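Worksheet: the structure to be examined is printed underneath.
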Amino acid sequence: MGIFEYAPAPESRDLANLKPHYRPFVNGEFVDGSGEPLKTINPATEEVLAEVGTASVSDVDTAVKAARKAYNGVWFKMPGSERAKYLFRIARLIQERSRELAVLESLDNGKPIKESRDSDVPTAAAHFFYHAGWADKLDYAGYGPNPKPLGVAGQVIPWNFPLLMLAWKIAPALATGNTVVLKPAETTPLTALVFAEICQQAELPPGVVNILPGAGDIGAALVGHDDVNKVAFTGSTDVGKAIQRQVAGTAKKLTLELGGKAANIVFDDAALDQAVEGIVNGIFFNQGHVCCAGSRLLVQESIAEEVLEKLRYRVSTLRLGDPLDKNTDIGAINSAEQLAKIKGLVESGDAEGAERWTSPCPVPERGFFFAPTVFSDVQQSMRIAREEIFGPVLSVLTFRTPDEAVTKANNTPYGLSAGVWTEKGSRILWMANQLRAGVVWANTFNRFDPAAPFGGYQESGFGREGGRTGLEAYLDV
């Protein structure tokens, strides 16, 4: 039986309400930034989407002062029950504008519309709903009576989940009584600036949330500002280390969510078809642009060939192409720079002797695309087994015993996530205790909930976001 042919099912880009120009958001208003404007592009077509005004170092100071004034004058004094109302409004407005946000995210980021629509935007709204519920219950969060906020939070987010990472950071900060200055990623600023519109719609007091587009120098200026009390960063390990050095010796509270090289471990008693779906979701979701992606597949030796055969067939059915097409499974790589990095690491896998299999799917001639790729015969010393590729590339290793699986899984400087596939509950619990990872999924992968804390160990960072545990990062406890 042949593979079904799907007619194109594009979502209308008109829903994004694209503007030709976007501006920074400071003290409740959109203002002209004094930095060099940047052009944000559609990675699927390489067309310019919009011109975005950027901040300068002086704008960072203005935004922090606005956040401090709002903190001292309004937000810190406001009862939690009143703060909650604003968060609930924001959550509902995200839902009301969900199609607009989803299309805009896919245009600016390159991810498939079905992921923006069904995962990113609903989960962003869920974080605001969840944290709104905590705003008037902080006395019962386990951090003592009447816990106090920290003050002004400087937040820097990555390009892989622009709106969702914004929600992960802003929702707990506001719920606990802090004000925010946030810098979105240079390549994906648009949904953050539409979120600023939502703050206006929700009539959030001026200065409580400020959005400053810009490059890395703006993030560094925000992190280093003397009047910032809390720094939250999600991104690369190298930048995270630089931030840690920058805030060392200061009183600033810091959380880092950095890179990963997660092991997805499949035992011989696992439901293999289910496991294959989990493997595909673990590495090819969002083109592999996921810090907790299951980029190392550890398969028990006795079933390795069977799993590889099933996996290659399943990957060959994935559709790569237009992110706005509802049938698309694999969208565009976010930038030319990231595509070059992926290609370089794949070439290293070839050079070091791994066996590469690439999906025969057609690749568009224009745009930044990379076909799903699976490496077998991978050794732990190879770069593709050690370094974060951050793309749709899977490295497959084998093991014989549970102890060997744990040893290989933990043979990494990272420690963000892991997956375990087996029918034995006792083995799952034993593995979860042995794996050095912040999150361990059992017979699933890439499942997120606002009520569950997320974060890593070692070079994957420290601190937790989400859940009751995640509130602590924004409280003086």
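Both backbone and side-chain heavy atoms feed into the values below; hydrogens, waters and symmetry mates do not. This one's a predicted model, so the numbers in the text were calculated from it and none came from an experiment.
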* Backbone N/O of G207 and side chain of N210: donor-acceptor pair under 3.5 Å -> yes
* Please test Q155 against F233 for side chain to side chain contact (heavy atoms under 4.5 Å, CB included), starting from the C-alpha separation and ending with a verdict. => CA-CA 6 Å; Q155 303 176 328; F233 172 77; over 6 Å; no
* Asked: Taking atom NZ of K252 and atom CD1 of I243, what is their separation to the nearest 0.5 Å?
  -> 10.5 Å
* Do E257 and C291 come close enough that some side-chain heavy atom pair is under 4.5 Å? -> yes
* **Minimum-distance pair of heavy atoms, taken over all atoms of K169 and A232** => CD-CB, 3.6 Å
* From CG (L15) to CZ (R97), nearest 0.5 Å -> 12.5 Å
* Kindly give the heavy-atom pair with the smallest separation between D120 and F161, and that separation in Å. => OD2-CD2, 3.4 Å
* Does any non-hydrogen side-chain atom of L258 lie less than 4.5 Å from one of E459? -> no
* Side-chain H-bond candidate by donor/acceptor type, T188 with D108, under 3.5 Å -> no
* Hey, does V121 have a side-chain heavy atom less than 4.5 Å from the side chain of L101? -> yes
* Hey, does the side chain of N286 reach the backbone of G288 with a donor-acceptor pair shorter than 3.5 angstrom? -> no
* Asked: Which heavy-atom pair separates I170 from F195 by the least distance, and what is that distance?
  -> CD1-CE2, 3.8 Å
* Do side-chain atoms of R68 reach the backbone of D227 as a donor and acceptor pair under 3.5 angstrom? -> yes
* To do: Show your working on side chain to side chain contact (heavy atoms under 4.5 Å, CB included) between F462 and L254 and close with a plain yes or no.
  => CA-CA 8 Å; F462 50 80; L254 175 66; 3.7 Å; yes
* Asked: From L163 CG over to N109 CG, what is the distance, rounded to the nearest 0.5 angstrom?
  -> 11.0 Å
* **N42 (side chain) donor-acceptor with L49 (main chain) under 3.5 angstrom** => no
* To do: Considering only NZ, NE, NH1 and NH2 on the basic side and carboxylate oxygens on the acidic side, decide whether R117 and E105 come within less than 4.0 Å.
  => no
* Within the distance-only criterion (no hydrogens, no angle test), does the side chain of T179 pair as donor or acceptor with the backbone N or O of V208 below 3.5 angstrom? -> no
* **R89 and E82 ion-paired at < 4.0 Å** => no
* Indicate whether any N or O donor in one side chain lies under 3.5 Å from an N or O acceptor in the other, for S116 and S106. => yes
* Structure fact -> Tested for side-chain contact (heavy atoms from CB on, under 4.5 Å) against Q287, the lone hit among I330, N160, D329 is I330
* Asked: Between F448 and F454, is the ring centre distance below 6.0 Å?
  -> yes
* Asked: Do the rings of H131 and H127 sit parallel, tilted or perpendicular, given the 30° and 60° boundaries?
  -> parallel
* Structure fact -> Scanning both residues in full, the closest heavy-atom pair of S295 with L394 reads O-CD1, 3.6 Å
* Salt bridge present between E472 and R464 (N-O < 4.0 angstrom) -> no
* Asked: Donor-acceptor pair, T176 side chain versus P172 backbone, under 3.5 Å?
  -> yes
* To do: Assert yes or no for the condition that the ring centre distance of F390 to W159 is strictly below 6.0 Å.
  => yes
* Structure fact -> Scanning both residues in full, the closest heavy-atom pair of P392 with I333 reads CD-CD1, 3.9 Å
* K230 to Y474, cation-pi by 6.0 Å centre distance and 45° axis angle -> yes
* Might you work through the side chain to side chain contact (heavy atoms under 4.5 Å, CB included) test for H289 and K111, ending with a clear yes or no? => CA-CA 9 Å; H289 298 334; K111 66 177 60 188; over 6 Å; no
* To do: Spell out, as yes or no, whether a donor-acceptor pair under 3.5 Å connects the side chain of Q458 to the backbone of Y414.
  => yes
* Is it true that Y71 and W75 have ring centroids separated by less than 6.0 Å? -> no
* Answer with yes or no whether the side chains of D59 and T62 bring together a donor and an acceptor at under 3.5 Å. => no
* Asked: In Å and rounded to the nearest 0.5 Å, what is the NZ to CD distance from K114 to E11?
  -> 14.0 Å
* Asked: Between the side chain of W357 and the main-chain N/O of F375, is any donor-acceptor distance below 3.5 Å?
  -> no
* Starting at CD of E347, measure out to CD1 of I342 and round the result to the nearest 0.5 Å. => 12.0 Å
* Carefully, step by step, assess L318 and R314 under the rule side chain to side chain contact (heavy atoms under 4.5 Å, CB included). => CA-CA 7 Å; L318 298 176; R314 181 65 182 91; 3.5 Å; yes
* How many angstroms lie between atom NZ of K19 and atom CD of E51, to the nearest 0.5 angstrom? -> 15.0 Å
* Structure fact -> Which of T328, N327, D325 passes side-chain contact (heavy atoms from CB on, under 4.5 Å) with Y6? Answer is N327
* Under 3.5 Å, side chain of T373 to main-chain N/O of A371, donor-acceptor pair present? -> yes
* Backbone of L475 reached by a side-chain donor or acceptor of K253 within 3.5 Å -> yes
* Structure fact -> Nearest heavy-atom contact between G367 and E46 is N-OE2, 3.0 Å
